[in-house]
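Down below is the structure, laid out as structure tokens.
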Amino acid sequence: MADMEELEVVVAHRERVTLRVGGVFLKIDADQARLDVEVEAMAIAPIPTPEVLWRKPPVLALAALPGTALGRLGEPSIASSAAWVAAGAAVRMLHDAPLPPWPSRRLDESPSHLDTECEWLVTSGVLPADLVTRNRQVAEAALRPWTPVFTHGDLQINHVFVDGDEVTGVLDWSEAGQGDALYDLATLTLGHEENLGDIVAGYGTDIDLDVIRGWWSLRSLSNVRWLIEHGFDPFLPGCEVDVLKSRM
């Protein structure tokens with residue numbers, strides 16, 4: 001028993017569970033199509049990804065990445081400015097790659113869906129009407145035509161691993177597909193607006209910052225109900241509700 005690896009629950013909710021056992025991540029997902037996307041996306045992505053050790057549905061075993069996460073939502077990032085620049089460059093490399101043959105699996109983010117979520121936030125008393133109304137206005141900038149690129153689809157800050165000033169890999173590709181480039185950049189910088197300049201510098205092209213801010217509001221408005229219903233707290237310091245308040 002003394003030689004047993006410690007088991008860590010990385011994330012757990014009704015849709016999937018991720019465990020870490022020593023140097024191995026075990027992803028348990030009843031949605032096999034989602035795991036299919038993850039494996040295929042990692043195989044064709046032009047940036048470092050975890051090694052697939054084995055797969056036995058509904059479990060996917062991945063090798064742990066070296067280094068540490070770029071940061072976590074709700075906490076200041078201790079990564080260097082150069083690491084953030086490197087992350088921006090890695091995202092640009094992904095977006096410049098040939099398109100995968102499938103669309104993004106992300107949830108519906110149409111204006112009608114957003115309006116439904118906004119109405120729920122107000123009528124349920126979760127958020128004040130003025131906060132929702134202001135962020136719905138900001139979110140409008142993200143609802144524009146865009147040219148699809150190879151996107152990660154859920155590029156949260158804790159999915160990007162760095163060692164010093166270098167990106168060692170990117171985790172969790174289950175939402176990858178053809179998507180909006182600025183959605184990836186907005187997701188990566190959600191709650192870390194102070195690092196947006198470094199990401200833009202690494203990405204190396206003109207970026208409409210109003211669209212980035214629009215995606216911050218849109219993603220946060222759309223995610224609050226899901227987070228609450230799945231046992232997460234969007235009211236924690238630095239998380240989704242604070243992101244919405246920062247637009248006031």
Side-chain angles (χ1 to χ4, degrees), residues 11 34 37-38 40-50 65 69-73 77 79 83-110 113-114 138-162 166-223 226 239-240 243:
V11 63
R34 191 156 46 205
V37 166
E38 179 152 15
E40 188 168 354
M42 289 191 295
I44 63 176
I47 58 178
T49 62
L65 289 169
L70 191 60
R72 294 188 181 280
L73 184 61
S77 171
W84 279 90
V85 172
V91 178
R92 179 59 185 271
M93 186 178 298
L94 174 66
H95 291 171
D96 284 345
L99 286 172
W102 65 89
S104 172
R105 286 169 51 90
R106 286 192 290 106
L107 295 176
D108 179 17
E109 282 155 345
S110 65
H113 173 77
L114 177 59
V138 175
E140 192 67 29
L143 300 171
R144 88 282 177 222
W146 43 268
T147 301
V149 300
F150 188 168
T151 55
H152 179 278
D154 191 23
L155 198 61
Q156 299 179 50
I157 185 175
N158 58 310
H159 291 162
V160 179
F161 273 60
V162 296
E166 297 183 0
V167 174
T168 58
V170 178
L171 296 170
D172 203 347
W173 292 80
S174 59
E175 307 299 326
Q178 300 178 23
D180 180 2
L182 296 192
Y183 178 82
D184 268 356
L185 295 177
T187 302
L188 182 58
T189 54
L190 184 77
H192 289 83
E193 188 168 356
E194 69 279 6
N195 300 112
L196 178 58
D198 290 329
I199 288 293
V200 172
Y203 196 76
T205 190
D206 291 335
I207 291 173
D208 189 333
L209 298 184
D210 285 339
V211 174
I212 296 289
R213 297 184 185 101
W215 272 123
W216 288 339
S217 290
L218 198 160
R219 180 181 170 103
S220 298
L221 289 169
S222 299
N223 280 4
W226 186 94
C239 293
E240 283 78 5
V243 170

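The first residue of the sequence shown is numbered 1, and numbering continues consecutively from there.
- Of all the heavy atoms in Ala41 and Ala176, the pair that sits closest is CB-CB, 3.7 Å.
- The heavy-atom pair separating Ser217 from Val138 by the smallest distance is OG-CG1, 3.5 Å.
- What you find for Pro46 and Ala97 is that their closest heavy atoms are CG-CB, 3.7 Å.
- The two residues Leu65 and Gly169 make their nearest non-hydrogen contact at CD1-C, 3.5 Å.
- The number of heavy atoms from other shown groups lying within 6.0 Å of CZ (Arg144) is above 12.
- You'll find the side chain of Val167 stays beyond 4.5 Å of the side chain of Ile47, heavy atoms only.
- In terms of modelled atom types and a separation under 3.5 Å, the side chain of Trp216 and the main chain of Ala186 share a donor-acceptor contact.
- The distance from the CG atom of Asp184 to the CD atom of Glu175 is 11.5 Å, given to the nearest 0.5 Å.
- In Gln156, the CD atom is crowded: over 12 heavy atoms of neighbouring residues, nucleotides or ligands sit closer than 6.0 Å.
- Residues His152 and Asp154 meet the side-chain proximity criterion, which asks for heavy atoms closer than 4.5 Å.
- Although no hydrogens or angles enter the test, the distance criterion places no donor-acceptor pair under 3.5 Å between the side chain of Thr151 and the main chain of Gln178.
- Rounding to the nearest 0.5 Å places CD1 of Ile157 at 11.5 Å from OG1 of Thr187.
- Contact record, Ala181 with Tyr203: CB-OH, 3.7 Å, taken as the closest heavy-atom pair.
- The OG1 atom of Thr147 lies 12.5 Å from the NE2 atom of His95; values are rounded to the nearest 0.5 Å.
- For the pair Trp146/Leu182, no side-chain contact is recorded, criterion being any heavy-atom separation below 4.5 Å from C-beta on.
- Asp208 pairs by the side chain to side chain donor-acceptor pair (under 3.5 Å) definition with nothing, not counting sequence neighbours.
- Atom-to-atom distance recorded for Leu221:CG and Glu240:CD is 10.5 Å, nearest 0.5 angstrom.
- A side chain to side chain contact (heavy atoms under 4.5 Å, CB included) with Trp84 holds for exactly one of Val162, Val160, Asp198; it is Asp198.
- Across Leu70 and Ala87, no two heavy atoms sit closer than the pair CD2-CB, 4.1 Å.
- To the nearest 0.5 Å, the span separating CG on Leu185 from CZ on Arg92 amounts to 10.0 Å.
- Below 30°, between 30° and 60°, or above 60°: for Trp215 and Tyr183 the angle between ring planes is above 60°, a perpendicular geometry.
- In this structure, Leu190 CG and Leu196 CG are separated by 11.5 Å, a value rounded to the nearest 0.5 Å.
- A heavy-atom distance below 4.5 Å is not found between the side chains of Pro48 and Thr168.
- Looking at Leu143 and Leu218, their side chains come closer than 4.5 Å, going by heavy atoms from C-beta outward.
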